[in-house]
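First up is the structure itself, then whatever we jot down about it.
All of these numbers come straight from a predicted model, not from anything done at the bench. Numbers for residues simply follow the sequence, beginning at 1.
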Amino acid sequence: MRVYPEQLGRHLTPLAQCYCLFGDDAWLIENARSQLLMAARQQGFEERISLEQDNGFNWNDLQNEWQALSLFASRRIIELTLPQAKPGADGSAMLTSLMTQPNPDLLLILRGPKLAAEQTNSKWFKTLDNAGVYVPCNTPEGQQFFRWLDGRIAANRLMLDGDARQLLATLYEGNLLAAEQAVQLLALLAANRRISAEELSQYFDDQSRFNVFQLSDALLGNQQQRVAHILAQLKAEGTALPIVLWAVFRELASLLQLKTAMVQRESLAPMWSKLRIWDKRKPLYEAALSRLSLPQIEAMLALSSTLELKLKQGGEEDWTLLTHLCLLFDAGAHSALVDTRG
């Protein structure tokens, strides 16, 4: 059963046989784990065994722990870390087998990285999912991040002006650990009084974290302020310009194929799967296609070629020109900026 991190508290009494904590956000995983351990202690689970699937790991060790009697006659927790979230053939068989041997005095907690479709469609995962609870611990983005932040603000009984809330989100988006620390500090510094954006800005530096995939979504959605913020952070974090340019070029190449098909009155249906654009992202591409003309997309590709040439011939990372290229995802910017490619 899939349960999101903010819902986990409602699924701890009684505890399920197993909980799967997989995702790319360390804070969410640790927070979910802390909730589980606290609930387990309250329900009589006193002994804890930790295992990790490293090079020398033997899956029989898990089976032996599953079948062993507790030295202290108490209920036991078995924590198993899967660093690659790939138990392999032996592990898959073992996990599937153990779920056919339910034991109310055992709690299995699995931890690992974000799961791909390959894993969530596997027999071992479906067996665990049916027998217990799957908690996807992935860093929330956009409105999901705002909802998470609002929850932490409410939990700490903070009173923030609207601008202060927006500033806090801007400073910490993508970095839940730093955001939680900031919220806790504010609870100490400004208990029982309202906090303005001006006051908040005096306390904190920008700790937001972004990746090139978030930049792609912001470009397609024509979120220019967000684009500028992400670019600034990527540069500040030392992200190599070729990586950012690769992401931008990839989106432009996809837009070119889609727009060409539209101009030629061809169906886009086969193009979505060919370009590996899933349903969740189709609205972003459709918005960009309705906004940009074919000549504009071609001009942007020409500008990206100029950037690539500067990199290859002179090793120059021209972040200013890259910013201009990103601005061109707004159709209205073309008349002012398209000439910069020279």
Side-chain angles (χ1 to χ4, degrees), residues 1-54 57 59-83 85 87 91 94-115 124-125 127-140 148 151-157 176-181 183-185 187-188:
M1 175 176 63
R2 181 186 299 239
V3 170
Y4 290 97
E6 64 272 17
Q7 303 168 331
L8 180 59
R10 301 197 291 269
H11 297 271
L12 299 177
T13 307
L15 287 164
Q17 182 73 87
C18 71
Y19 288 82
C20 301
L21 313 179
F22 290 102
D24 59 13
D25 196 283
W27 186 89
L28 286 178
I29 289 178
E30 189 56 36
N31 184 264
R33 176 176 174 269
S34 297
Q35 290 184 62
L36 283 170
L37 295 180
M38 181 180 294
R41 284 194 295 269
Q42 293 171 351
Q43 295 178 45
F45 290 83
E46 298 176 0
E47 188 178 348
R48 182 157 58 91
I49 299 99
S50 296
L51 302 172
E52 182 169 356
Q53 185 198 11
D54 53 23
F57 181 70
W59 283 97
N60 289 327
D61 293 344
L62 175 60
Q63 184 178 41
N64 292 338
E65 293 292 351
W66 192 270
Q67 296 174 344
L69 295 174
S70 170
L71 295 175
F72 307 103
S74 65
R75 309 176 83 184
R76 295 187 302 145
I77 304 165
I78 300 176
E79 290 191 82
L80 174 59
T81 301
L82 303 178
M94 181 63 70
L95 291 170
T96 302
S97 173
L98 292 181
M99 290 303 102
T100 66
Q101 308 168 41
N103 187 335
D105 292 326
L106 281 175
L107 169 63
L108 177 63
I109 301 176
L110 272 71
R111 291 186 289 167
K114 184 177 181 179
L115 299 181
W124 69 267
F125 176 81
T127 301
L128 293 173
D129 191 35
N130 289 333
V133 175
Y134 165 46
V135 186
C137 298
N138 301 315
T139 305
W148 175 87
R152 302 313 303 157
I153 290 171
N156 285 271
R157 299 181 180 179
L176 267 58
L177 175 60
E180 174 67 10
Q181 292 171 341
V183 167
Q184 291 178 357
L185 178 59
L188 293 173

Pairwise distance [atom1]([X]) to [atom2]([Y]) - rounded to 0.5 angstrom:
X	Y	atom1	atom2	value
Ser34	Ile29	OG	CD1	12.0 Å
Glu30	Glu180	CD	CD	12.5 Å
Ile109	Leu21	CD1	CG	6.5 Å
Leu98	Leu62	CG	CG	5.0 Å
Cys18	Leu107	SG	CG	8.5 Å
Ile78	Asn103	CD1	CG	8.5 Å

Do the side chain of [X] and the main chain of [Y] share a donor and acceptor less than 3.5 angstrom apart?
X	Y	answer
Asn31	Trp27	no
Gln43	Leu12	yes
Asn156	Val183	no
Asp24	Thr139	yes
Gln35	Ala32	no

(message) What verdict does the side-chain contact (heavy atoms from CB on, under 4.5 Å) test give for Asp61 and Trp66, after you've listed the backbone C-alpha separation in whole Å, the side-chain angles of each residue and the deciding distance to 0.1 Å?
(response) CA-CA 9 Å; Asp61 293 344; Trp66 192 270; over 6 Å; no

(request) Could you walk me through whether Leu28 and Asn138 pass the side-chain contact (heavy atoms from CB on, under 4.5 Å) test, one step at a time? (result) CA-CA 7 Å; Leu28 286 178; Asn138 301 315; 5.9 Å; no

Beyond-backbone contact of [X] with [Y], side-chain heavy atoms, under 4.5 angstrom:
X	Y	result
Pro87	Leu95	yes
Met99	Leu108	yes
Leu51	Phe57	yes
Pro136	Val3	no
Leu8	Tyr19	yes
Phe45	Leu36	no
Leu37	Arg33	yes
Leu82	Leu110	yes

Lys/Arg-Asp/Glu bridge criterion (N-O < 4.0 Å) met for [X], [Y]:
X	Y	answer
Glu46	Arg41	no
Glu79	Arg48	yes
Glu65	Arg76	yes

(message) Tell me whether the rings of Trp124 and Phe22 are parallel (<30°), tilted (30 to 60°) or perpendicular (>60°).
(response)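 Rings of Trp124 and Phe22: perpendicular, as their planes differ by over 60°.
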
(request) Apply the test side-chain contact (heavy atoms from CB on, under 4.5 Å) to residues Gln67 and Gln101: give CA-CA distance (whole Å), side-chain angles for both, the deciding distance (0.1 Å), then the verdict. (result) CA-CA 9 Å; Gln67 296 174 344; Gln101 308 168 41; 3.7 Å; yes

(request) Would you sort out whether Met94 and Asn60 count as a side-chain contact (heavy atoms from CB on, under 4.5 Å), showing the intermediate values? (result) CA-CA 8 Å; Met94 181 63 70; Asn60 289 327; 3.9 Å; yes

(message) Please find the pair of heavy atoms, one from Gly91 and one from Trp59, that lie closest to each other, and give the distance.
(response)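 Between these two residues, the closest heavy atoms are CA-CE2, 3.2 Å.
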
(message) On a heavy-atom basis, which atom in Ala16 and which in Ala131 lie closest, and how many Å separate them?
(response)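 The pair with the smallest heavy-atom distance is CB-O, 4.5 Å.
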
(request) Decide yes or no on ring pair (Phe, Tyr, Trp, His ring centres under 6.0 Å) for Tyr134 and Phe125, but give the supporting numbers first. (result) CA-CA 9 Å; Tyr134 165 46; Phe125 176 81; 4.9 Å; yes

(message) Would you say CE of Met38 has more than 12 non-hydrogen atoms from neighbouring residues, nucleotides or ligands within 6.0 angstrom?
(response)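 Incorrect, the count does not exceed 12.
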
